[in-house]
Amino acid sequence: MVTNTISPLGLIVGNYCHDLLLRDHTIFAQSLGGAASFISLLLDSLSLPFHLVSKVGPDFSYHTNHPPIVVPTSQTTLFHAHFFSSPIQRPGHNDRVLKRIGSCEPIRPNDIPSGTRFKFGMAVGVGGEILPETLEKMLDICDVVFVDIQALIRTFDPEDGGRVKLVTLKESGFFHLLPRIGFLKCSSDEAVLLDLEEVRKWCCVVVTQGKEGCEVWWKDDVVKVAPFDAVEVDPTGAGDCFLGGFVSGIVEGLDVGDAALLGNFFGSLAVEQVGPPNLHLTMLQVVKDEMHKRKMLDFPYLERRDDWQGFRKPSDQDQFYASLVASATNAIVNCQIQKSGWNLLSSPKPMEQNNVKTRLSLNSVQDESVPIVDSKP
């Protein structure tokens, strides 16, 4: 168990899950899931203290550094991710279908600690566990809140085995809270449900675009941030690791553009593994050192939020990009030389996975596509 020796800077809210991966209806892997699992691993690795609120049932199968609330009368949220050898030939479908098979009870406002103020909060539900009133409490007690749009707009079709579908932000029941949200993260598929031109007037929107990298939208400005190349094994959690990296950069004082590049880096690492990624300690130290150097060049966003008039692409971002690539490449080389006794910070996995990389191949953030629910008659 990780025990924070100082007061937590952040608050993470979202349930842990069990993820079952199937290819052509045959199970090929299972792992700890839920955005909270990926993000907590990443923030721990970057030494950012936080308090996590997550719920599971007595059937929860994993040991975690941040224990969840166990609800005796509920089950742990379970997702089945169905992959197919050839794309599904129906509109709105690709080679992956995500279904929520079962769910734990929601996280309610009284599950959130009272009497504590947090520098930042992260609303990162995946199975409908975050309620509007829960997000409202987070907004009351956190200086700035980062929200993954999937926590707000996902629905689950009981007539299609719990398949994940999406509604518009205005239909979600959360739209009235938008002016109080600091950052909203979404995939390019989810962005069409936001009315991006309207939403960007109220908060900063980060749109992940798969192999094309990401874009950051705020008022009249847009910053395009470069991707990293990768070999995809499992896209699950890539967006979560992106968000964890992005938030870490903002909290540590990076400019928004640099924070987004850091998000691309960690999101790309995630797609090459099943479950929460293994992170090499040497690589992490290099990343921390580079973040410190960049912090000297930029002004912390959180300290100038009230008078922040825009953002820019930081100068010399190519150097930061090259440093991140070098940190991962050197870690891979060191692992190959050692062959045994790997020095990794990782989360437990119930099945052995062949995740050894022979090159740095980070394929920015591949969030899964899910169908849109059209509420119009």
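As the structure is a prediction and not an experimental result, all values here were calculated from the model.
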Quiz prompt | Under 3.5 Å side-chain donor-acceptor pair for Asp59 and Thr76 | solution = yes
Quiz item: Within the side chain of Glu129, is there an N or O that forms a donor-acceptor pair under 3.5 Å with the backbone of Ile107?
Solution: no
Quiz item: Is there a side-chain contact between Ile149 and Leu169 (heavy atoms, below 4.5 Å)?
Solution: yes
Practice problem: Answer yes or no: does atom NE2 of His176 have more than 12 heavy-atom neighbours from other residues, nucleotides or ligands under 6.0 Å? | Solution: yes
Quiz prompt | Summary of salt bridge (charged side-chain N to carboxylate O under 4.0 Å, His left out) pairs that have at least one residue in residues 100-118, sequence neighbours excluded | solution = Lys55-Glu105, Lys55-Asp111, Arg117-Asp143
Quiz item: Do Asp44 and His66 have a side chain donor and acceptor closer than 3.5 Å?
Solution: yes
Exercise. Output, in order, the C-alpha distance, side-chain angles, deciding distance and verdict of salt bridge (charged side-chain N to carboxylate O under 4.0 Å, His left out) for Arg163 and Asp157.
Key: CA-CA 5 Å; Arg163 181 171 178 171; Asp157 187 353; over 6 Å; no
Self-check item: Leu166 and Arg154, any side-chain heavy atoms less than 4.5 Å apart
Solution: yes
Quiz item: If you look at every heavy atom in Phe156 and Pro158, which pair is closest and at what distance?
Solution: O-CD, 3.1 Å
Quiz item: Quick one: are Leu152 and Leu135 in side-chain contact, heavy atoms under 4.5 Å?
Solution: yes
Quiz item: Taking atom CG of Leu46 and atom OG of Ser248, what is their separation to the nearest 0.5 Å?
Solution: 4.5 Å
Quiz item: How long is the gap from CG on Leu42 to OG on Ser37, to the nearest 0.5 Å?
Solution: 11.5 Å
Quiz item: Between Arg23 (side chain) and Phe28 (backbone), is there a donor-acceptor pair under 3.5 Å?
Solution: no
Quiz prompt | Donor-acceptor under 3.5 Å (Ser327 side chain, Val286 main chain) | solution = no
Quiz item: With a 4.5 Å heavy-atom cut-off, do Trp217 and Glu197 have their side chains touching?
Solution: yes
Quiz item: Below 4.5 Å, heavy atoms only, C-beta onward: do Val199 and Cys203 meet side chain to side chain?
Solution: yes
Exercise. Could you go through the side chain to side chain donor-acceptor pair (under 3.5 Å) check for Lys293 and Gln319 one step at a time?
Key: CA-CA 11 Å; Lys293 293 176 185 177; Gln319 185 276 330; over 6 Å; no
Quiz item: Listed by chain and number, what are the ring pair (Phe, Tyr, Trp, His ring centres under 6.0 Å) partners of Phe175, not counting sequence neighbours?
Solution: none
Quiz prompt | Closest non-hydrogen atom pair between Ser74 and Ser103, with its separation | solution = OG-O, 3.8 Å
Practice problem: State whether the side chain of His18 and the backbone N or O of Phe79 hold a donor-acceptor pair below 3.5 Å, judged by distance alone. | Solution: no
Exercise. Calculate, to the nearest 0.5 Å, the distance between atoms CD1 and CZ belonging to Ile39 and Phe242 respectively.
Key: 11.0 Å
Quiz prompt | Main-chain N/O of Leu32 paired with Tyr62 side-chain donor or acceptor, under 3.5 Å | solution = yes
Exercise. Taking all heavy atoms of Val205 and all of Cys186, pick out the closest pair and write down the distance.
Key: CG1-SG, 4.1 Å
Quiz prompt | CA sep, side-chain torsions, deciding dist, call: Phe83, Val97, side chain to side chain contact (heavy atoms under 4.5 Å, CB included) | solution = CA-CA 7 Å; Phe83 295 84; Val97 172; over 6 Å; no
Quiz item: So which heavy atom on Ser40 is nearest to which on Ala36, and how close?
Solution: OG-O, 2.7 Å
Exercise. Check whether any side-chain heavy atom of Phe84 sits under 4.5 Å from a side-chain heavy atom of His25, and report yes or no.
Key: yes
Exercise. Go through the steps to decide whether Lys201 and Glu198 satisfy the test salt bridge (charged side-chain N to carboxylate O under 4.0 Å, His left out), and finish with yes or no.
Key: CA-CA 6 Å; Lys201 298 174 184 177; Glu198 179 179 2; over 6 Å; no
Quiz prompt | Lys224 side-chain N/O to Glu212 backbone N/O, donor-acceptor pair under 3.5 Å | solution = yes
Practice problem: Using the side chain to side chain contact (heavy atoms under 4.5 Å, CB included) rule, pick out the option among Val13, Leu177, Leu139 that qualifies with Val145. | Solution: Leu139
Quiz item: If you measure from CG on Leu269 to CZ on Phe265, what distance do you get to the nearest 0.5 Å?
Solution: 4.5 Å
Quiz item: Hey, are the side chains of Pro49 and Leu43 touching, using non-hydrogen atoms and a 4.5 Å cut-off?
Solution: no
Quiz item: Can you name the ring pair (Phe, Tyr, Trp, His ring centres under 6.0 Å) partners of Phe266, sequence neighbours left out?
Solution: none
Exercise. Please answer whether the main-chain N or O of Gln150 pairs with a side-chain N or O of Asp148 as donor and acceptor at a distance below 3.5 Å.
Key: yes
Quiz prompt | Phe183/Phe246 under ring-ring contact (aromatic ring centres under 6.0 Å, His included): CA gap, chis, key distance, verdict | solution = CA-CA 10 Å; Phe183 291 88; Phe246 177 76; 5.4 Å; yes
Self-check item: CD1-CG distance between Ile153 and Leu194, expressed to the nearest 0.5 angstrom
Solution: 6.0 Å
Quiz prompt | Thr77 side chain vs Cys17 backbone, donor-acceptor pair below 3.5 Å | solution = no
Quiz item: Judged by modelled atom types alone, do Gln317 and Asp258 share a side-chain donor-acceptor pair under 3.5 Å?
Solution: yes
Self-check item: Residue pair Met138 / Leu11, side-chain heavy-atom distance below 4.5 Å
Solution: yes
Quiz prompt | Short side-chain donor-acceptor distance under 3.5 Å, Lys288 and Ser47 | solution = yes
Exercise. Give a yes-or-no answer on whether the side chains of Glu290 and Ser323 include a donor-acceptor pair shorter than 3.5 Å.
Key: yes
Exercise. Report yes or no: does Arg200 contribute a side-chain atom to a donor-acceptor pair with the main-chain N or O of Lys219 at less than 3.5 Å?
Key: yes
Self-check item: Verdict with supporting geometry, Arg180 and Asp140, salt bridge (charged side-chain N to carboxylate O under 4.0 Å, His left out)
Solution: CA-CA 9 Å; Arg180 301 180 62 192; Asp140 289 341; 2.6 Å; yes
Self-check item: Expected output: side-chain Asp24 to main-chain Ser85 donor-acceptor under 3.5 Å
Solution: yes
Self-check item: Least distance between heavy atoms, Gly34 atom then Val126 atom
Solution: CA-CG2, 4.1 Å
Quiz prompt | Shortest non-hydrogen contact from Ser187 toward Thr208 | solution = CA-OG1, 3.3 Å
